[in-house]
Each structure stands twice: as structure tokens, then as C-alpha cells.
Amino acid sequence: MEKSVTLTAQELGLKQVGKIYHNLNYDELFDAESAKKEGRVSANGTMMVDTGKFTGRSPKDKYFVHQRPSSENIAWGKINKEMAPEVFDELYEEVLSYLSGKDLYVTDGFCGANEKTRKSVRFVTEFAWQSHFVKNMFIRPGAEDLKGFAPNFTVYNASNLTNKRWEEHGLNSEVFVVFNIEKNVAIIGGTWYGGEMKKGIFTMMNYWLPLEGILSMHCSANVGKAGKTTLSTDAARKLIGDDEHGWDNDGIFNFEGGCYAKCINLSEENEPEIFGAIQRNALLENVVADDDGVINFADDTKTENTRVSYPIEHIENHEPSLKAGQPKNIIFLTCDAFGVLPPVSKLSKEQAMYYFLSGYTAKVAGTERGVTEPQATFSACFGEAFLPLHPTVYARLLGEKMEKFGVNAYLVNTGWAGGGYGVGKRMSIKATRACVNAILDGSIEKAEFDQTRWFRLNIPKALPGVDSALLNPRNAWADKEAFDATANKLAGMFIENFKKYIQKNEDFDFTKAGPQL
Ligand code: MN
């Protein structure tokens, strides 16, 4: 376990250091987690940890330091909240003195698989499992890369340090997750949750890359055997990544070196790849296991947000370069519980920008009276929580790249058909798969298209493997009046949500791209 100190206190920005565990390998991390009783081992040899009080991110405690020049780029608001530089300086001092003298884990990784634009990130953490988590999630540098590794950005994670003066500082709580773009530093306090580091660096990528003309996206990506790329998921294709990607002049690239999958109700039958990825070197969070270490994936006692992080190598069918060339197809997946959107529609560039900006999906939420009804969610670019710049920046880049590289875009509804929730039924996986396959093999391009009334979406009249009655959602509903009323209602919600973008972008005419009443 004894590891020679490779970093000085000064190099870490600390007054003094205890033991520094710098870039431990997986076995060393496993031993440290066991020795310090941070976790226990599952029946199949996978480390299981509890993430403490927080079993998810704390988005309301996330801040950017308000200072030039970044303050002119950031879209300030509920998601991107400001912290005064003086408050940051005070918290930063506290974090550094809190970490000084402690035994620390220092983990170096890359974010971005394109060597030309990747960012070198250093994480300073108190727990071995946090080091293990970021080792899983970020791209693991080789021995050569580690020689003279100079971080572009450093995250200081002081999990056990809370901000006692949060009220005085005008903050949300004693928890803080703060990004200082000019200093290239983030500080975290009051939460142990590892996802803050993963999505925190994603947020930074969403700041840096668009300013360099690179589109960053919250999406999965896979590539076919012939080397074509698409942004969807399919077990028969090679996985590039499942959560965060960039799109530049060389093509599509993963930001990450691992996956962070949900575990609740996980089964080998339904999710064989994730199930198989849970093995030594993976890290399980907040799952419940019996005395023999046998996990009950249905148990949500600790949280519904049980997770596993694992290096992407645990997915046999992954693309080792984590990259591919220019994409052929972009697929927006939406779960429309209103049953209004067609199972598949082809989008123009303007429609792609519109639906990207809208980031629509609908959940079925229970109400107090036990009535369940669909609830529309609009999350810009399907990841509004992680966008420091104005959402239209990303939408514009999407439109530019689609045009430049001749990429098709489609909207696929995996939600309800033949009626909304309670009347219609969930789109079958078979139907969705047939739609995606028709996109991937190009056969959808040969179809004749119709346009829907409310959303003006171009839908194929027939598609192999899909019941033609499903393709036009109005035809799939028995009650046409009810369809029109529901479509009108959903169209109204889209229009209402989109108003904020129209005001900011008078040079863009999206009125034809969106629905009409
Ligand atoms: Mn995600």
C-alpha cells in the first residue's frame, strides 16, 4: 500500500500533505477501500460503497464564480448561479486548509478522446472510492501520458467540509460545488457524491468546447461495422460511449473512459451488458446486498438511484479508440406519454435544432389523488442542467455541423401510441427497434413521407417491420377528437417553452420548425 510521494504539497496547492496516493492502480484502490472499510465486496468480487448522505447530485448547490471574462459567456440563471469572487476565495482557502495535512488520493485523467482537444483533469479526494470512481469514469492516461501530466483543471473534493456560513454568503445550503473558470479549479464540499465530479467536468467541457467550435452533447454514440457513426444505442453496433460526446471536424468522440449505469431493478435478462460489466474494478453505489454479498437489485432502501461505474473495457462490444468519423444519423429519443408524437419522423436541419433546443420528454407522474397523468419536461439539448452557455449556442453548432457533414436527424418516440397514458399502450421495443434499424440501414430514406397536422413532422407512410397504422399517431388513436385535443395541448406546451429562445434569436425563424396550433 505504501506509495512514494510523487507530488509535493506545493504542487497540489496545499500547505502540507499527509500521504499522497497518486494514481493508484485498481488493485491498490481495492486494497485501500477494503483496509479503510470504505466498502465491502459483493459475491462476485465487486466493491460496493455507500455514498453517504447524498445519493445523487445537488444541482441547487452548484455555482460559477462571477468574474470576467467567463461571466460574459455564461447563461446566468437558475441552473448557472453566481458566486461572488470574495466568497469563493474564502471557501477555497477553507478547502485547501481542510485538505492540508490529510492523506489524499490524487487521480489524473483525460476528458475527451480526441488527443488534440482533450482536457487533463486532476481530482484530489479524501476517499479511495472517490479516486476509484473518477478512475472508472475518465480516460485513463498511459504511463507515458503520466510523465509530466499537467492538469488543465483541478477538482478539490472536501467531502466532509460544510460551509457553516452559507446563509451569510447567500447560498442554498451548506453544500457547495463551485467552478472557477479563470483559476481552472473546482471545489466541492458537504457531499461525497462522485457524480458531482463526473457531471462537473462535463459542465466544464460544455463551457470550453463550444467556444472552440466543437459541439458537446449529452448522448450515447455507437458505430457500425462499416465505420458509420450514429448517436443511438444498438447492441449489434460498437459502443463509443453512453453519456457524453463531442463532435468536431474529425468526427464523434467520447469524453469519458467509462460508464455510470443505473442499477435499480437491473437484471441479466434485460440488461446483459451492464449486468456483465459488474465485476472486479467496477464500483457499485448504494446497492443492498445480503450477508453473502448477493445483491438485491430491486431493493431501493438506500435510494432508487443505485449505480455502478465501470471502465468501458467491461463492455466487450466497445470501440477502443472511443472515437469514430463523421456521424451519418442523429436520433433524438423522446418518451411521449401523451401519445402524440409519431414513432419516427425525419427532421429538417431547422427541426433538428428546434427539437434539440426543446429537449422534450414526458413522464408519467402520480398525483396526490392517485391519478396518473403525463407531465411534459423540456430540458434544453436534453441536458439543460449541464449547460453553462446559452442553449442556442449548442443548437447553432448542431445545425452548422449537420449541414457541413450532411447528417440526417430523426425524432423517435419510445412512449405511448394509440392514446395517451391509460388509454394507449407503450410503444413496443420491437417497433422502436424497427424504426431505428430503418434509419441505420438507410431504408427509411426510400419511404414516401406524409406530414402530420400539428407538429408538421415528416413521417414515413410505410416501414418494414412496423405496423403502418402506428406510423401516423392520429390514425393509431380510436378517438380522433381526443387526439386533436391532446395534440393541440402538447403543441401549446412546446410553443410556450420555446418563447424564451425566439426572443433571444430573432435571426432564426423557428416558427416553421415547431408545432402550430
Ligand atoms: Mn446522462
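Both counts, for ligands and for their atoms, begin at 1 and track the order of listing.
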Asks: Is the gap between the ring centers of Y260 and F133 under 6.0 Å?
Replies: yes

Asks: How close do L239 and C259 get, heavy atom to heavy atom, and via which atoms?
Replies: CD2-SG, 4.4 Å

Asks: Closer than 2.8 Å to the Mn ion (ligand 1), which protein N, O or S atoms?
Replies: H218 NE2, D243 OD1

Asks: Could you label the plane-to-plane angle of the F123 and F138 rings as parallel, tilted or perpendicular, counting under 30° as parallel and over 60° as perpendicular?
Replies: tilted

Asks: Could you state the interatomic distance from CG (L24) to OG1 (T107), rounded to the nearest 0.5 Å?
Replies: 7.5 Å

Asks: With a 4.5 Å limit on heavy-atom distance, are the side chains of L341 and Y360 in contact?
Replies: yes

Asks: Assert yes or no for the condition that the ring centre distance of F494 to F455 is strictly below 6.0 Å.
Replies: yes

